[in-house]
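Atoms considered below: every heavy atom in the structure, side chains included; atoms not considered: hydrogens, waters and symmetry mates. Lettering of chains follows the sequences in order, A, B, ..., and the numbering in each one begins at 1.
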Amino acid sequence: MIIRKEKLDKIRQMGFNPYPHEFNQTHQSTEIKNNFDQLEEKVVSSAGRMMSVRLMGKAAFCHIQDQQGRIQIYLRKDQIGEDVFQLFKILDIGDYIGITGQVFKTKTGEISIYAKEFQLLSKSLKPLPIVKEKEEDDGAKVVFDQFADKEMRYRQRYVDLVVSPEVKDVFIKRSKIITAIREFLNKNDFLEVETPILQPIYGGAAARPFVTHHNTLDIDLYLRIANELYLKRLIVGGLDRVYEFAKDFRNEGMDRFHNPEFTQVELYAAYKDYRWMMDFVEQIVNHIAQSVLGGAKILFNEHEIDLSPPWRRLTMFDAIKEFSGVDISEMDESALKNTAKKLNIEITPEMGVGKIIDEIFGELVEPNLIQPTFIMDYPIEMSPLAKKHRDNPRLVERFEPIIGGKEVGNAFSELNDPIDQRERFMEQVKLKDRGDLEAQALDEDFLRALEIGMPPTAGLGIGIDRLVMLLTNQPSIRDVIFFPQMRPESK
RNA sequence: GAGCCAGUAGCUCAGCUGGUAGAGCAGCGGCCUUUUAAGCCGUUGGUCCGGAGUUCGAAUCUCCGCUGGCUCACCA
């Protein structure tokens with residue numbers, strides 16, 4: 001650090017600007033490599049961060065890294081001049097440089113740029129961890145001194161991204177996945193909208209919120225745990241297909257599947273039901289897989305998963321029967337409690353029917369659903385915003401797509417009967433009084449909207465972080481969020 | 001929130017049953033005009049996470065704390 005600052009002074013004394021304002025780039029690294037035949041002998045300008053240097057007296061090789069990859073640069077003192085070569089010699093790995101020169105292939109066959117002009121673009125003052133790679137004869141890559149400390153990787157993601165191309169890859173894919181979803185929804189006449197993050201009543205999901213305070217109004221507000229109720233208000237308003245990519249916030253535990261803020265896309269389509277939505281989910285996911293991964297087969301956790309439709313569809317009761325051997329479809333609360341005990345599922349007194357079934361399902365069924373599966377027809381108690389099943393009033397028309405043993409979304413035929421909705425909210429209030437911290441609050445304004453009238457509607461939420469984990473085969477949510485939540489550094 | 005594990009140089013790590021800290025890479029000074037983990041010669045560098053204790057003596061043993069990872073519990 002001290003040495004690098006001295007170098008900075010020296011560079012200035014030599015008459016070079018260590019932080020110039022611009023550089024005119026004509027080609028990216030992989031562009032040059034992919035079009036070598038056309039570009040050979042042509043002059044190109046390229047820029048990037050210097051990632052390796054091999055200095056050899058009056059000549060030198062280095063690699064620069066741009067967003068796409070790396071390319072080798074060859075410099076000779078007699079080409080770029082004494083002064084500039086002196087400058088090059090004191091540069092460090094991590095500095096940004098720009099070069100102009102001819103594209104050529106070295107003796108060993110590596111496509112490189114033979115520099116005619118060379119310029120420092122930005123001086124780096126802190127060293128990067130130097131990761132070295134070697135290609136074995138069999139083509140396998142051996143990595144030396146990998147930047148492995150997870151804490152540092154998460155806290156200093158900028159370093160992680162510079163030093164680990166595969167990390168950068170995951171995030172590029174994340175961005176492409178989001179783009180693919182947006183494309184697909186826009187193509188299907190959905191309108192992208194924005195709804196409040198600061199909400200006076202939090203709703204639309206079962207979770208504990210973050211609370212904040214608005215000074216002027218002198219009221220507490222909640223960071224949204226979901227945007228469901230607002231998007232439905234827009235359906236009431238006559239916007240027939242809407243979606244929002246939403247950061248939601250839940251004040252709960254953190255682990256490799258949970259970050260306090262996470263991303264969901266929620267979408268609503270008027271005049272449709274959950275069956276239509278199942279087809280739609282199959283299409284969406286396949287569109288993503290095709291456009292981002294180029295195929296429907298993915299590898300996740302050693303499992304090969306085939307995303308191509310149709311996916312298996314299974315009711316929740318049938319799923320539990322299949323994996324536990326017990327038919328719970330006719331059981332009341334006390335029978336369920338006994339069954340849960342027999343199956344070694346932990347339950348607590350404040351749990352209602354819905355929660356108990358959810359526990360059994362989560363414990364015995366979900367982890368076993370590796371290939372894409374729609375679990376459908378949930379008990380009414382656990383889904384206060386979903387419409388009653390057309391054939392069975394104890395159930396609702398709801399499904400969750402489960403892939404790789406984890407739910408990646410949640411969807412219903414939306415409840416649009418205002419009187420039924422009010423009764424369901426009242427049930428939630430009772431649960432809250434029993435001590436369920438996650439029971440949903442009654443939202444009068446939302447009820448008023450339903451009273452104005454909402455058309456039959458299908459709704460869906462997809463957890464973007466989990467979907468990205470699945471499609472990029474990452475074990476932790478922290479590996480798909482640039483800056484995951486961490487305790488602040490002490491100094 | 002609970003359990004297990006970890007924290008030594010910029011990075012990756014070694015350091016045995018306690019004897020006063022080491023390697024490779026990076027850095028620094030040289031040599032080298034087709035190298036690629038470049039090479040060769042030389043060299044700097046550490047509150048061994050923090051605090052307390054045991055001991056003649058602690059990176060090493062004990063306790064407390066901090067930070068993180070993994071697993072479990074709640075939730076997406």
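The P atoms of C28(B) and G45(B) are separated by 16 Å, rounded to the nearest whole Å. For the C1' atoms, the distance from U47(B) to A2(B) is 33 Å, rounded to whole Å. Across G53(B) and C11(B), the matching P atoms stand 31 Å from one another, rounded to whole Å. Distance noted for atom C1' between U34(B) and G39(B): 14 Å (whole Å). Nucleotides C66(B) and G22(B) have their C1' atoms positioned 27 Å apart, rounded to a whole Å. For U12(B) and G51(B), the C1' atoms lie 29 Å apart once the distance is rounded to whole Å. Across U43(B) and G7(B), the matching C1' atoms stand 29 Å from one another, rounded to whole Å. Going from the C1' atom of A14(B) to that of A21(B) covers 11 Å, rounded to whole Å.
Pairing for G22(B) is with C13(B), a Watson-Crick or G-U wobble pair whose two hydrogen-bonding atom distances lie under 3.5 Å. With a 3.5 Å ceiling on both atom-pair distances, the Watson-Crick or G-U wobble partner of U67(B) is A6(B). Figure legend. A52(B) is base-paired to U62(B); pairs are counted as Watson-Crick or G-U wobble with both atom distances under 3.5 Å. In this structure C72(B) sits in a base pair with G1(B), meeting the Watson-Crick or G-U test at under 3.5 Å. Nucleotide U34(B) has no partner under the Watson-Crick or G-U criteria, as no pair reaches both atom distances under 3.5 Å. Applying the Watson-Crick and G-U wobble criteria (two distances, each under 3.5 Å), G29(B) pairs with C41(B).
Distance CZ (Phe147(A)) to C1' (C13(B)): 15 Å, rounded to an integer number of Å. Taking atom CD1 of residue Ile93(A) and atom P of nucleotide G10(B), one finds them 17 Å apart after rounding to whole Å. Straight-line distance from the NZ atom of Lys107(A) to the P atom of U33(B): 13 Å, rounded to whole Å. The NZ atom of Lys77(A) sits 10 Å away from the C1' atom of U33(B) (whole-angstrom rounding). Residue Lys58(A) contributes atom NZ, which lies 10 Å from atom C1' of C31(B) at whole-angstrom precision. The nearest whole Å value for the distance from the CZ atom in Arg256(A) to the P atom in A73(B) is 12 Å. Regarding Ile360(A), its CD1 atom lies at a distance of 13 Å from the P atom of C74(B), rounded to whole Å. Protein atom CE of Met51(A) is 15 Å distant from nucleotide atom P of A37(B), rounded to whole Å.
Among U67(B), C70(B), C11(B), the nucleotide with an atom closest to any side-chain atom of Arg487(A) is U67(B). Distances were taken from every side-chain heavy atom of Ile3(A) (C-beta onward) to each of G27(B), U35(B), U33(B); the shortest belongs to G27(B).
No hydrogens or angles considered: nothing links the side chains of Arg224(A) and Gln199(A) as a donor-acceptor pair under 3.5 Å. Glu244(A) and Asn227(A) are linked by a side-chain donor-acceptor pair at a separation below 3.5 angstrom, with hydrogens and angles left out of the test. Using modelled atom types, one finds a donor on one side chain and an acceptor on the other under 3.5 Å when comparing Tyr274(A) with Asp377(A). Side chain to side chain, Thr100(A) and Glu117(A) fail the donor-acceptor criterion of an N or O pair below 3.5 Å. For the residue pair His27(A) / Ser46(A), no side-chain donor-acceptor distance below 3.5 Å is found, with atom types taken as modelled.
Between Arg54(A) and Val131(A), the residue anchored closer to the 5' end of RNA chain B is Val131(A), taking for each the nucleotide with the nearest heavy atom. Of the two residues contacting RNA chain B, namely Glu151(A) and Glu363(A), the nearest-nucleotide position lying further toward the 5' end is that of Glu151(A).
The residue Leu55(A) sits close to a base: some heavy atom pair falls under 4.0 Å. Glu359(A) comes within 4.0 angstrom of the backbone, heavy atoms only, and of no base. Ala205(A) comes within 4.0 angstrom of nothing in the nucleic acid, heavy atoms only. Here Asn259(A) lies in heavy-atom contact (under 4.0 Å) with a base. Backbone-only contact: Asp92(A) has heavy atoms under 4.0 Å from sugar-phosphate atoms and none from a base. Nucleic acid contact for Asp149(A): sugar-phosphate only, since backbone atoms but no base atoms lie under 4.0 Å from a heavy atom of the residue. Among the heavy atoms of the strands, none lies under 4.0 Å from Gln264(A). Nucleic acid contact for Ala148(A): sugar-phosphate only, since backbone atoms but no base atoms lie under 4.0 Å from a heavy atom of the residue. Lys89(A) comes within 4.0 angstrom of no nucleic acid atom, judged by non-hydrogen atoms across all strands. The residue Arg70(A) sits apart from the nucleic acid: no heavy atom pair falls under 4.0 Å. Looking at heavy-atom distances under 4.0 Å, Phe104(A) makes contact with a base.
Relative orientation of the Tyr114(A) and Phe104(A) rings is tilted, given thresholds of 30° and 60° on the angle between their planes.
If you run side-chain hydrogen bond (donor to acceptor under 3.5 Å, both in side chains) between Asp465(A) and each of Gln474(A), Arg174(A), Gln264(A), only Arg174(A) comes through. Put simply, the residue from Lys387(A), Lys232(A), Arg398(A) that forms a salt bridge (Lys or Arg N to Asp or Glu O under 4.0 Å) with Glu414(A) is Lys232(A).
Ion pairing of Arg4(A) with Asp9(A) is absent here, as no side-chain N (NZ or NE/NH1/NH2) approaches a carboxylate O to less than 4.0 Å.
Interface remark: the Asp255(A) side chain does not form any donor-acceptor pair with the C70(B) base, using a distance-only criterion of under 3.5 Å. Contact annotation: side chain of Gln72(A) to base of U35(B), donor-acceptor pair present below 3.5 Å.
An OP1 or OP2 oxygen of U67(B) is reached within less than 4.0 angstrom by no side-chain nitrogen or oxygen of Arg155(A). Here Lys150(A) reaches the OP1 or OP2 of C70(B): one of its side-chain N or O atoms lies under 4.0 Å away. Put simply, Lys7(A) has no side-chain N or O that comes within less than 4.0 Å of OP1 or OP2 on G27(B).
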